[in-house]
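Since the model is a prediction, treat every value here as computed from it, not as a measurement.
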Amino acid sequence: MWNGTLFFRVLDGILVVCIAAMLVMVFGNVVLRAVFNSGIDVSEELPRFLFVWMTFIGAVIGFREGAHFGVDALVRLLPRAGKRVCWAINQVIMLVCCAVIVQGTLLQHDLNATNHAPVTGLSMIWVFGVTYLTGGVIGLMCIVNLVRLALGKVGDDELIQVEEEGMGEVDPNRLKSPHTLKETAP
């Protein structure tokens, strides 16, 4: 089965190119302004556009890696069936959001295509059209996740997608101790 590894590596590469180009343009412009009292106009506009692309492509990669924020206090208390239902609801809500993003971009497509950036003259659809990619790819991943759930191929570890940072280092026995508060109080 195709897991899209090459596709996501290409997205990672695009992110690297975006951040490198932003770094070079912004740093170069700062040096030019400080040393020569001049700058390059394009290097003010393009980094903003690249930042938009980085944000939306980063959202795709973050979704694939399960790196988005979430609240799991209620879900952790549910039995497996309840966790599956909540996970399915979660995927459906995200799928609807992706559909809204793509539909909104479609509605704005003609406006963005005819609107041009003041310095580069770049059609703004090249800036905001990245939402087609983001909404489409995340939506497709949600559909795949729902199919996997229906086929019983979603593991228990995937049903709770939030990992508390640093919780692997906490001693669970220390948390159960009634003397914990006394030991940590000054």
Got a second to check how far D12's CG is from F7's CZ, nearest 0.5 Å?
10.5 Å
Identify the heavy atoms of C142 and M94 that sit nearest to each other, and give their distance.
SG-CB, 3.7 Å
Consider only side-chain heavy atoms of I, L, V, M, F, W and Y, link residues closer than 4.5 Å, and tell whether F27 and L46 are in one cluster.
yes
Determine which pairs satisfy salt bridge (charged side-chain N to carboxylate O under 4.0 Å, His left out) with at least one residue from residues 103-128, sequence neighbours left out, and list them in order.
none
Joint hydrophobic cluster, V137 plus V147, side-chain heavy atoms closer than 4.5 Å:
no
For G39 and L32, which heavy atoms make the closest approach, and how far apart are they?
CA-CB, 4.3 Å
Atom of V60, atom of L11 and distance for their closest heavy-atom approach:
CG1-CD1, 3.7 Å
Taking atom CD of Q103 and atom CD1 of I101, what is their separation to the nearest 0.5 Å?
11.5 Å
Cluster companions of L111 among Ile, Leu, Val, Met, Phe, Trp, Tyr (side-chain spacing under 4.5 Å)
none
All pairs passing salt bridge (charged side-chain N to carboxylate O under 4.0 Å, His left out) where residues 21-34 contributes a residue, at least two apart:
R33-E44
Residues at least two apart in sequence or cross-chain that pass side-chain hydrogen bond (donor to acceptor under 3.5 Å, both in side chains) with R9, listed by chain then number, are none
Could you grab the distance from atom CD1 of I138 to atom CD1 of I143, nearest 0.5 Å is fine?
12.5 Å
Does the T120 side chain pair with the main chain of A117, one donor and one acceptor, at a distance under 3.5 Å?
no
Is there a donor-acceptor contact under 3.5 Å from the side chain of E45 to the main chain of V119?
yes
May I have the list of side-chain donor-acceptor pairs in residues 124-134 shorter than 3.5 Å, sequence neighbours left out?
residue: T131; atom: OG1; partner: T105; partner atom: OG1; Å: 2.5
residue: T131; atom: OG1; partner: F128; partner atom: O; Å: 2.8
residue: Y132; atom: OH; partner: H109; partner atom: ND1; Å: 3.0
residue: T134; atom: OG1; partner: F56; partner atom: O; Å: 3.1
residue: T134; atom: OG1; partner: V130; partner atom: O; Å: 3.3

I'd like to know whether V52 forms a side chain to side chain contact (heavy atoms under 4.5 Å, CB included) with F49, so could you lay out the CA-CA distance, the side-chain angles of the two residues, the decisive distance to 0.1 Å, and finally the verdict.
CA-CA 5 Å; V52 171; F49 298 162; 5.6 Å; no
Reported CZ-to-CG distance for the pair R84 and L78, which is rounded to 0.5 angstrom:
13.5 Å
What is the minimum heavy-atom distance between G139 and C98, and which atoms define it?
N-SG, 3.5 Å
Could you check if a side-chain atom of V92 sits within less than 4.5 angstrom of a side-chain atom of L146, using non-hydrogen atoms only?
yes
Cluster question for you: counting only ILVMFWY and a side-chain heavy-atom cut-off of under 4.5 Å, with indirect links fine, are I57 and F51 together?
yes
Given a cutoff of under 4.5 Å between side-chain heavy atoms of I, L, V, M, F, W and Y, with clusters grown through shared members, what are the other residues clustered with I93?
V85, I89
Distance in Å, L77 CG paired with K83 NZ, rounded so as to fall on 0.5 Å steps
8.5 Å
Distance check, rounded to the nearest 0.5 Å: L50 atom CG versus L23 atom CG?
12.0 Å
ILVMFWY network linking W53 to I19, side-chain heavy atoms under 4.5 angstrom:
yes
When you group the ILVMFWY residues by side-chain heavy-atom contacts below 4.5 Å and let the links chain together, are L107 and V102 in the same group?
no
